[in-house]
Amino acid sequence: MSFESAMNRRTQVVSGVSLIFWAIVISYALTQRMPRARFGIAFLGAIATVYVIDNVFDAYVENDRRELVLLISAGLVVLLTTGYMFFNFNVLYSVRIGYALNYEYVLAAMFVLSILYLTFREFGELFLAILLVAIAYGLFGAAIPGVLGHGGITPTRMLRILVLEIDGFFGTLTRLVGAWLALFLLYAGFLQAYGGFDLMIRLAVRSSRYIRSGVAQSAVIASMIIGSINGSTAANTAMTGSFTIPLMKKNGLRSETAGAIESVASTVGQVLPPVMGAGAFIMASLLGIEYATVVIAGTLPALIMVCSIGVGVHYTSISQVSGVQIDVEEFIDVTKTQRDITIEGIQFLIPFVVLVYTLGIAQYTVISAALYTAFSMAITGTTIPITRAALGYESVSGATRRTLGQTIEGARIGALSLAGIAIIIAAINGVVTILLTTGVPSAITLALIDISGGIMLIAVILAMVISIILGLGMPTAAAYLIVALLIAPTLSGEFGVPKIAAHFFVFYCAILAAITPPIATSVAVATGIAQSDFWPTSVEAIKIALPLFILPFAFIYNPELIAGGVNVGTLISATLVLVGAISITHGINYIERPFGLSWYADLAIRGLFVVTGVVAMAYPGTAVRTGVVGFVVTGFIIQRQFGTRDQRTEQATVETE
């Protein structure tokens with residue numbers, strides 16, 4: 001079989017399996033007649049099968065017999081295990097608690113090995129090591145001294161809690177991904193297949209004509225919209241960066257700057273409502289609150305983050321842009337008229353309105369809102385092009401075949417996007433079950449209190465460091481889940497931080513891991529596209545994103561940002577935080593040196609802007625922050641006025657000479 005025919009066969013087979021998978025998910029969403037735990041079994045087995053079949057073709061094309069055997073073996077084990085558990089659900093879940101039959105232990109052991117292999121294949125050695133360490137910690141806890149030691153978990157009990165008791169890999173978060181997140185990724189798949197991402201990028205680039213940093217800002221806009229649905233900053237960087245990074249380089253930006261802007265911009269969507277890169281679903285589940293409450297709480301911080309990054313990108317790019325007018329048609333093959341773009345905008349706007357209405361206004365359940373949104377995307381994605389064809393723009397049969405193909409392709413894209421997230425969430429679910437069984441959260445709470453001496457600031461700094469370390473190399477949802485269970489309870493239980501504020505603190509910290517060296521997965525992906533060096537790109541990313549490392553502290557010391565709802569007080573607090581973030585960005589990145597000062601005096605002024613910005617963002621108390629913001633605004637006006645005069649004098653001197 002030739003490479004081309006193998007790829008065509010792959011697309012056909014994976015598309016067919018994806019349609020079966022989505023039929024299972026949609027059937028459950030429509031009826032919800034089976035227990036969610038049982039659906040979680042079917043979901044994990046089905047999505048893992050999609051993943052295995054897709055990767056089997058890779059191994060076949062590469063003639064890698066070892067991987068081919070391992071993939072087929074893992075796929076068969078997953079199918080056999082999930083099929084057995086699905087059809088014996090009542091016995092396993094309700095009757096046979098605390099023990100299992102011998103062959104069930106064998107089946108569970110093979111399933112654990114299969115999940116380990118699939119996790120390794122998708123996420124590499126780092127996450128495999130995390131899984132193995134967690135299992136070893138559970139098995140050999142009695143040999144560990146100090147507060148982290150425990151009585152140990154027997155091998156048979158380990159197999160029960162990971163598999164047979166329908167917890168562990170099949171736990172709450174796996175069920176939540178299947179019931180809530182899956183249909184949003186179907187919507188995202190349709191959005192991409194029908195040309196929605198193409199439209200977003202066109203609109204983002206067109207907006208770049210109106211400001212000097214516009215081409216760079218297009219990366220922020222595109223990544224912000226696409227990343228809200230995508231559950232991984234690295235995947236978002238790869239998806240949008242393949243277009244925006246070459247665009248920024250053509251506009252005159254250095255490779256390191258272009259890579260840094262895209263990697264930082266890809267973090268924005270992870271905090272942007274309504275989906276928040278799956279974080280909103282997980283947070284609502286862990287806190288036991290309404291999903292809409294999480295979305296409302298996350299709106300102001302997300303806007304602060306968007307504005308902060310936008311300002312940072314502007315400062316970073318304006319000194320490098322060449323002024324070249326970029327034609328989007330050079331990067332996108334198909335030329336479209338204003339009429340085409342307007343009609344496409346309506347086509348994609350309708351499902352988004354459905355999403356906002358069902359979630360925010362009518363307050364339907366998440367699963368119903370996701371289902372209606374995906375359905376409306378499929379309806380507008382097919383009927384509008386066919387209607388246009390009927391009006392004479394193209395043949396109706398041609399438009400019908402094209403939209404049907406796009407619908408099937410969207411189902412395939414959605415399933416493959418979901419597969420990696422589902423596997424990592426299942427693995428993390430297993431890790432979390434082990435840690436909860438051994439009492440690690442309580443041990444970490446005691447350790448944090450002991451090390452910090454009960455001083456909240458020290459404890460919060462330690463919590464941030466731990467959250468970033470635990471989030472290195474992991475997708476957003478997985479990183480947040482780990483730190484939410486290990487760190488957030490300490491902040492809320494021992495230091496009185498509102499629970500939702502503590503969860504947003506660790507959520508934002510976990511996201512920052514994607515741009516924090518030495519792992520910095522988002523930066524690593526961007527450097528590959530930009531052909532830049534990793535460390536200079538990381539430094540550029542940190543310069544742009546530095547206010548974001550302070551923003552989580554604002555949630556702790558000014559929790560009204562998160563827990564106060566939307567009122568005058570929270571808006572004032574959010575404004576102070578935003579001005580502080582801009583002050584930090586200005587201090588690090590402004591170009592001109594005002595007053596003709598020496599470099600060390602200039603450095604002192606920069607430091608003053610940074611320090612006052614930190615105070616404005618994180619100091620507890622509105623009065624002090626308001627005074628600091630007044631100082632920042634006054635300093636900025638004076639600096640700009642004298643700096644502009646200084647530049648004019650210099651320019652006049654040059655012209656005279």
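Please read these numbers as outputs of a predicted model, since none were measured by experiment.
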Practice problem: Please say which of Leu131, Ile130, Leu128 ends up in a side chain to side chain contact (heavy atoms under 4.5 Å, CB included) with Thr119. | Solution: Leu131
Determine whether a donor-acceptor pair (N or O, by modelled atom type, separation under 3.5 Å) exists between the side chain of [X] and the backbone of [Y].
X	Y	answer
Gln217	Gly310	yes
Thr585	Ala581	yes
Asn429	Thr174	yes
Thr437	Thr433	yes
Ser452	Leu448	yes

Give me the atom names and distance for the closest heavy-atom approach of [X] to [Y].
X	Y	value
Tyr51	Ala419	CB-CB, 3.8 Å
Tyr187	Pro351	CE1-CB, 4.0 Å
Pro489	Ala484	CD-O, 3.2 Å
Ala502	Val497	N-CG1, 3.8 Å

More than 12 heavy atoms of other residues, nucleotides or ligands under 6.0 Å from [atom1] of [X]: yes or no?
X	atom1	result
Tyr619	OH	no
Phe631	CZ	no
Glu290	CD	no

Quiz item: Can you find a heavy atom in the side chain of Thr267 that is under 4.5 Å from one in the side chain of Val271?
Solution: no
Quiz item: Tell me, do Trp180 and Thr365 make a side-chain contact under 4.5 Å, heavy atoms counted?
Solution: no
Self-check item: For Lys499, all residues meeting salt bridge (charged side-chain N to carboxylate O under 4.0 Å, His left out), sequence neighbours excluded
Solution: none
Self-check item: By salt bridge (charged side-chain N to carboxylate O under 4.0 Å, His left out) - contacts of Glu256 (at least two apart)
Solution: Arg254
Quiz item: Residues in ring-ring contact (aromatic ring centres under 6.0 Å, His included) with Tyr364, at least two apart?
Solution: Tyr372
Quiz item: Mind checking what makes ring-ring contact (aromatic ring centres under 6.0 Å, His included) contact with Phe170, not counting sequence neighbours?
Solution: Phe111
Quiz item: Under the side chain to side chain contact (heavy atoms under 4.5 Å, CB included) test, which residues partner Gln192, sequence neighbours left out?
Solution: Phe197, Met239, Ile413
Please tabulate, one pair per line, all N/O donor-acceptor pairs under 3.5 Å involving side-chain atoms of residues 507-515, not counting sequence neighbours.
unit_1 : atom_1 : unit_2 : atom_2 : d
Tyr508 : OH     : Ala302 : N      : 3.4

Exercise. Using only heavy-atom distances, determine whether the side chains of Thr237 and Ser522 contain a donor-acceptor pair under 3.5 Å.
Key: yes
